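Data first, discussion second: the structure below is written as structure tokens.
Hydrogens, waters and symmetry mates are skipped; everything else that's a heavy atom, side chains included, is used. Note that the structure is a prediction, hence the values are computed from the model and not measured. Proteins come first, then strands; the chains are lettered A, B, ... in the order of their sequence lines, and each starts at number 1.
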Amino acid sequence: MQSDFLSISCGVAVESTLSFKLQSHMNQVRKQYPFAQFEPRWQQFWLENRTFRAADPGEPGSEKPKYYVLDMFPYPSGAGLHVGHVEGYTATDILARYKRARGYNVLHPMGWDAFGLPAEQHAIKTGTHPRITTKQNTDNFTRQINSLGFSYDWQREVNTTDPAYYRWTQWIFIQLYKRGLAYVAESPVWFCPALGTTLAEEEVLQTDDGPRSERGDHPVERRNLKQWMLRITAYADRLLKDLDTLDWPESLKDMQRNWIGRSQGAEVVFTVKCDNPPTTGEGEWKVPAPDKVTVYTTRPDTLFGATYMVLAPEHPLVATITTDAQRAEVDAYIAASRNKRDRERIDLSRAKTGAFTGAYAINPVNGAEIPIWIADYVLMTYGTGAIMAVPAHDERDFEFAKTYSLPIIEVVAKPGAGGQGASSVASVTAASGLAVVGAAAAAGLGASTAESGVTAVTDAEDGACFSGDGISINSGEFSGLPTEEVKTRIIAWLEERGLGCGRVQYKLRDWLFCRQRYWGEPFPLIWKDGEHSAVDEAELPVLLPEMADYQPSPDGAPPLSKATDWVNRGDGTMREVNTMPQWAGSCWYYLRYLDPKNPDKMVDPAKEKYWMGDKGVDMYIGGAEHAVLHLLYARFWHKVLFDIGAVSTPEPFHKLYNQGMITGSDGAKISKSAGNGASPDEVVAEYGADAMRLYEMFMGPLNQKKAWNTQNLEGPYNFLGRIWRLLMIENQEGEWTLHPKVAATADAPVPDEMTRALHIAIDGVTRDIDNMAFNTAIAKLMSLYKDTLSKAEVLPRSVVQTVLVLLAPFAPHMAEELWWQVGNREAGASPDGMTTLSYIPWPVADPKWLAVDEVEMAVQVNGKVRGRVTVPVNAAEPDILAAAKAAQGVDEWLAGKTIRKNIVVPKRLVNFVVG
RNA sequence: GCUCGCGUAGCCCAACUGGAAGAGGCGCCUGACUUAGAAUCAGGAGGUUGAGAGUUCGAAUCUCUCCGCGAGUACCA
């Protein structure tokens with residue numbers, strides 16, 4: 001029953017009757033220590049004394065080395081702080097407090113990513129202005145964050161919706177615009193009817209139910225719209241290359257590499273042979289018949305194996321090359337494929353479909369005529385929208401060729417496959433050669449591959465298709481050479497003749513950078529006669545106009561278009577009415593923290609140089625869900641700012657760490673409807689902030705997914721209670737005072753074994769924090785308590801204070817309170833003489849206490865432990881072996897055996913291998 | 001389908017990177033304190049490291065093949 005109540009207590013939605021029972025139960029649970037009294041007291045102390053203020057260059061404290069530890073700032077939602085926020089913020093807080101104690105000038109700021117859809121949707125529903133909602137939410141987040149004792153420098157708070165902030169977002173946009181990195185284009189873009197706005201590629205997820213919005217999970221569709229784009233592709237190569245310089249999780253770098261999707265290949269020009277040129281029907285040329293079509297391929301080495309060509313259905317040449325005979329079929333296919341898109345469904349079966357245009361292309365390397373098809377497995381948005389199909393060496397082409405009985409020619413032999421395949425190919429080539437292909441192609445659809453004889457040289461019958469590297473065959477002068485070499489040679493061959501060239505291609509698309517919403521940064525742009533220009537920088541910020549009605553227009557026009565006084569500037573120019581996407585403000589907020597109130601500059605160069613140093617942010621912690629969104633966008637903006645000299649590092653975030661997601665008790669994502677979550681407010685009320693922080697760090701490795709379990713929370717909570725009761729004692733009135741065994745023996749000598757245990761703990765905790773292994777650091781503190789502190793008759797103050805400094809990053813309130821209770825007071829600092837331990841130097845483990853004289857080693861015979869032996873730590877190998885042979889239990893296993901090999905692992909074990 | 005990560009005690013997790021399977025916590029059991037329970041304190045039990053092969057004197061750790069869970073990605077030529 002008890003655990004039921006506890007788990008219910010953490011649910012977001014609690015029914016009133018249960019909630020009542022819960023209360024009565026909770027009241028019975030005795031608080032292990034009076035956290036409700038001292039936690040708020042220290043939070044107030046820190047705020048009032050600006051304990052965590054970071055020193056800007058020139059100020060006292062700035063002579064220390066800097067350490068910039070950053071959280072991904074939150075979107076202040078109405079739901080309030082989430083246990084996932086607490087996880088990341090606790091981790092950075094531990095580092096911030098640890099680094100302060102280690103003598104660093106620590107920058108640890110917090111702010112609000114406050115533009116965005118939820119506030120606007122709430123506004124549409126309730127009529128409350130997003131600004132009001134945002135203020136309420138940031139107030140609530142601030143309260144919750146402070147209730148957890150995070151050591152932010154609140155003097156540096158930023159808010160993306162503050163005109164003094166977004167003025168500089170607009171300024172950066174103008175710099176992009178001036179450099180030609182922002183442009184308007186009409187293209188097929190993602191549109192979300194439910195959200196009433198376009199979305200970037202990165203904001204659309206491909207799901208089993210078709211493409212859907214990353215935010216809100218609504219269906220999205222392709223529409224041809226005129227939109228503002230940012231030319232992030234111009235930075236594709238640098239964004240890719242500089243990943244190598246970053247200390248990020250390899251998996252995250254892979255995701256960015258994958259998204260950027262660099263591939264190296266070639267463009268090849270094919271000549272179109274159109275025996276039956278298209279006409280308008282009155283016998284006139286519709287357009288001049290095209291005579292060239294360019295394809296992109298990453299496998300130019302397989303050019304001899306191209307047996308047909310495929311254009312995307314949207315390819316502009318389709319209309320002009322299609323023969324009259326094929327026109328009906330082609331038009332029907334185009335219509336069907338467009339319809340397929342509109343059905344917002346992904347075809348999981350991947351059945352390949354297409355239509356023959358009636359036209360042929362001529363392969364530049366061998367003059368073979370190959371049929372030109374259209375198929376929706378070729379995308380207009382990648383490469384040239386046209387491919388040469390090599391069914392023998394490409395899975396997709398292979399499937400398509402099988403479906404439509406197109407010829408398949410093998411031109412790459414598997415390495416090490418032996419001479420059999422190669423020779424059979426060679427003989428067929430010699431006998432029939434490419435002429436067979438031409439004949440098959442000319443025969444068109446009707447030609448069966450069996451009749452053509454081509455399949456004899458392929459693996460088609462066993463359903464195989466070899467897409468790896470190998471040795472070229474059947475490829476004229478290139479036969480016999482390995483794939484890589486053939487690629488180079490064929491590209492050179494094509495380039496010499498003007499028939500193609502090497503080319504690098506990226507998957508990354510330009511960034512769709514405008515939204516048809518109200519609650520976002522207005523663009524600093526004006527229009528006149530269809531021409532756009534940037535406003536003068538002196539006009540910034542371009543303020544969001546006050547509006548009574550921020551409903552989207554039924555015709556799809558952005559809400560700002562209704563603010564006519566704002567749109568029409570009176571001089572014949574009109575303002576741009578789109579707004580920027582939410583990512584804009586988060587692209588550079590880490591820079592504004594450095595100089596948050598500067599009215600004249602985005603950031604003062606001296607401050608930027610000091611805080612960003614050589615490598616930028618020293619530690620950035622957040623979830624992996626932003627891998628190809630925020631983290632890619634911010635790197636792009638930062639590089640542009642670097643290019644214009646506004647920042648001094650090529651990358652913004654040198655070290656990045658991904659926190660693992662905290663799921664509900666059922667392992668599923670925490671949601672209100674599932675009721676599987678925990679609310680930080682409730683946990684803090686019941687167990688206190690220190691216990692919540694300690695538990696979230698104790699759950700497991702920071703970078704792994706973990707399930708919330710309130711029962712497990714009681715472990716760290718009990719530990720804090722034990723530490724408290726170790727030093728404090730409760731009288732009959734329920735007041736806590738310092739325990740006599742601490743107070744009476746302040747100057748007591750420290751037993752060697754206690755000193756040793758303390759130094760082992762210092763060493764272990766320090767290394768664990770440096771390795772972000774907070775769970776094991778906490779376990780080491782628990783061991784120190786259990787094995788040493790709890791057993792001590794007297795607790796020397798020096799030991800207690802060291803323990804409190806070690807505890808402080810994890811449980812800062814209790815550490816501060818006990819620090820004060822054991823007598824660290826300062827007259828005048830506060831009415832009670834409160835003084836912080838935040839800047840007390842971190843203890844250093846003395847190696848002499850870590851050293852041991854003797855070690856116990858395991859003695860194995862043939863890998864099985866048969867005894868143990870204690871030897872001096874620096875014993876020589878012969879001595880160890882002698883002792884090991886004599887060890888009890890070992891001798892009998894060695895009796896009468898020949899030792900063939902001795903293995904000695906210093907300080908660990910001895911293994912005798914006997915025959 | 002492809003890529004990557006993870007499987008250790010009933011549960012959450014350690015294991016110095018190839019060297020005695022166990023640091024810590026939850027739960028469970030025993031004892032102390034209690035009229036009794038709760039809380040607290042002291043102690044204890046608990047194992048084929050997902051399965052199978054391989055490398056090695058020695059494998060939780062390295063290699064391969066499966067199984068299970070999770071994340072990313074999805075016709076990118």
Side-chain angles (χ1 to χ4, degrees), chain A residues 2-3 28-30 32 205-207 249-252 254-255 258-259 261-263 265 295-299 302 310 346-348 350 352 375-379 381-390 393-397 399-400 467 505-509 624-625 627-628 660-661 663 667 694-695 698-701 703-719 721-722 725 764 767 773 775-787 790 856-868 900-914:
Chain A
Q2 181 190 341
S3 62
Q28 290 168 13
V29 177
R30 185 173 155 279
Q32 295 230 25
L205 307 174
Q206 299 297 333
T207 71
E250 211 47 45
S251 60
L252 196 87
D254 274 346
M255 282 169 69
N258 208 291
W259 190 261
R262 183 182 198 272
S263 70
V295 302
Y296 174 73
T297 178
T298 56
R299 292 296 299 271
T302 61
V310 186
I346 191 156
D347 189 359
L348 290 173
R350 291 280 161 76
K352 298 282 182 292
D376 61 6
Y377 81 89
V378 172
L379 309 176
T381 46
Y382 184 79
T384 59
I387 64 156
M388 62 179 212
V390 186
H393 305 291
D394 181 283
E395 295 283 353
R396 298 150 300 184
D397 298 343
E399 268 183 50
F400 190 84
S467 57
Q505 178 71 34
Y506 297 94
K507 279 202 270 185
L508 183 70
R509 315 276 163 82
E625 66 273 19
V628 292
M661 192 171 54
T663 67
L694 206 63
Y695 169 58
F698 189 66
M699 290 173 87
N703 59 6
Q704 270 175 38
K705 189 183 119 167
K706 294 158 293 254
W708 182 270
N709 180 337
T710 302
Q711 207 168 44
N712 283 349
L713 187 152
E714 306 224 358
Y717 177 59
N718 289 338
F719 166 67
R722 289 182 191 117
R725 291 188 303 271
R767 276 185 304 153
N775 53 330
T776 52
I778 293 164
K780 285 176 174 112
L781 290 172
M782 289 173 168
S783 294
L784 178 65
Y785 167 82
K786 199 165 127 174
D787 300 337
S790 70
E856 189 183 56
M857 295 175 70
V859 182
Q860 298 180 336
V861 178
N862 282 348
K864 289 210 164 63
V865 179
R866 300 301 184 189
R868 313 155 201 245
R900 294 193 311 187
K901 198 171 177 186
N902 298 316
I903 290 152
V904 178
V905 182
K907 300 181 196 176
R908 284 275 162 197
L909 60 72
V910 176
N911 187 14
F912 295 111
V913 184
V914 300

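Residue contacts shown for A/Asn775 are limited to sugar-phosphate atoms, with no base heavy atom under 4.0 Å away. No engagement by A/Arg866 is indicated, since no non-hydrogen atom pair under 4.0 Å with the nucleic acid exists.
Residues forming a side chain to side chain donor-acceptor pair (under 3.5 Å) with A/Thr776 (at least two apart in sequence, or on another chain): A/Asp768.
A heavy-atom distance below 4.5 Å is found between the side chains of A/Asn258 and A/Lys507. Contact of the A/Val913 side chain with the A/Asn862 side chain is registered, since non-hydrogen atoms from C-beta on lie closer than 4.5 Å. Contact annotation: the side chain of A/Trp708 approaches that of A/Tyr695 to within less than 4.5 Å [non-hydrogen atoms, C-beta and beyond].
Both distances falling under 3.5 Å, in either a Watson-Crick or a G-U wobble arrangement, occur for no nucleotide opposite B/rA36. Remark: B/rG54 base-pairs with B/rC62; criterion is Watson-Crick or G-U wobble with both hydrogen-bond distances under 3.5 Å. Nucleotide B/rG47 is matched to nothing when pairs are restricted to Watson-Crick or G-U wobble geometry with both distances under 3.5 angstrom. In this structure B/rU73 sits in a base pair with B/rG1, meeting the Watson-Crick or G-U test at under 3.5 Å.
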Give each protein N/O atom lying under 3.5 Å from an N/O atom of nucleotides 20-22 of chain B, with the pair distance.
residue: B/rA20; atom: OP2; partner: A/Arg908; partner atom: NH1; Å: 3.1
residue: B/rA20; atom: N6; partner: A/Glu856; partner atom: O; Å: 3.4
residue: B/rA20; atom: N6; partner: A/Glu856; partner atom: OE1; Å: 2.8
residue: B/rA20; atom: N1; partner: A/Glu856; partner atom: OE1; Å: 3.4
residue: B/rA20; atom: N1; partner: A/Arg868; partner atom: NH1; Å: 2.8
residue: B/rA20; atom: N3; partner: A/Arg868; partner atom: NH1; Å: 2.9

Detail all sub-3.5 Å separations between protein N/O atoms and N/O atoms belonging to nucleotides 24-27 of chain B.
residue: B/rG24; atom: OP1; partner: A/Lys786; partner atom: NZ; Å: 3.4
residue: B/rG25; atom: OP2; partner: A/Lys786; partner atom: NZ; Å: 3.4
residue: B/rC26; atom: OP1; partner: A/Asn718; partner atom: ND2; Å: 3.2
residue: B/rC26; atom: O2'; partner: A/Asn712; partner atom: OD1; Å: 3.4

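Side-chain N or O atoms of A/Arg299 include one that pairs as donor or acceptor with a backbone N or O of A/Ser467 at under 3.5 Å. Checking side-chain atoms of A/Asp394 against main-chain N and O of A/Val390 turns up no donor-acceptor pair under 3.5 Å. Between the side chain of A/Thr298 and the backbone N or O of A/Gly265 there is no donor-acceptor pair closer than 3.5 Å.
B/rG5 atom C1' lies 14 Å from atom CE of A/Met661, rounded to whole Å. Rounded to an integer number of Å, the gap from CG of A/Leu781 to P of B/rA23 is 17 Å. Going from atom CZ of A/Arg767 over to atom C1' of B/rU17 covers 13 Å, rounded to whole Å. Rounded to an integer number of Å, the gap from CG of A/Leu508 to P of B/rU73 is 14 Å. Distance A/Lys705 NZ to B/rG7 P: 14 Å, rounded to the nearest Å. The CG-P distance, from A/Asn862 to B/rU56, rounds to 15 Å in whole Å. Whole-Å rounding puts the A/Asn258 CG to B/rG72 P distance at 13 Å. A/Tyr717 places its OH atom 13 Å from the C1' atom of B/rU40, with the value rounded to the nearest Å.
The base of B/rC75 sits within donor-acceptor range of the side chain of A/Lys352, with an N or O pair under 3.5 Å.
When the side-chain nitrogen and oxygen atoms of A/Ser263 are compared with OP1 and OP2 of B/rA77, one or more of them lie within a distance under 4.0 Å.
Classified by its glycosidic torsion, B/rU17 falls in the syn category, the angle being within 90° of 0.
Between the side chains of A/Arg725 and A/Gln32, a donor-acceptor pair is found at a separation under 3.5 Å.
A cation-pi geometry, defined here as NZ or CZ lying under 6.0 Å from the six-membered ring centre and within 45° of its normal, holds between A/Lys352 and A/Tyr377.
Along RNA chain B, the nucleotide closest to A/Asp254 and the one closest to A/Lys507 are compared, and the more 5′ of them pairs with A/Asp254.
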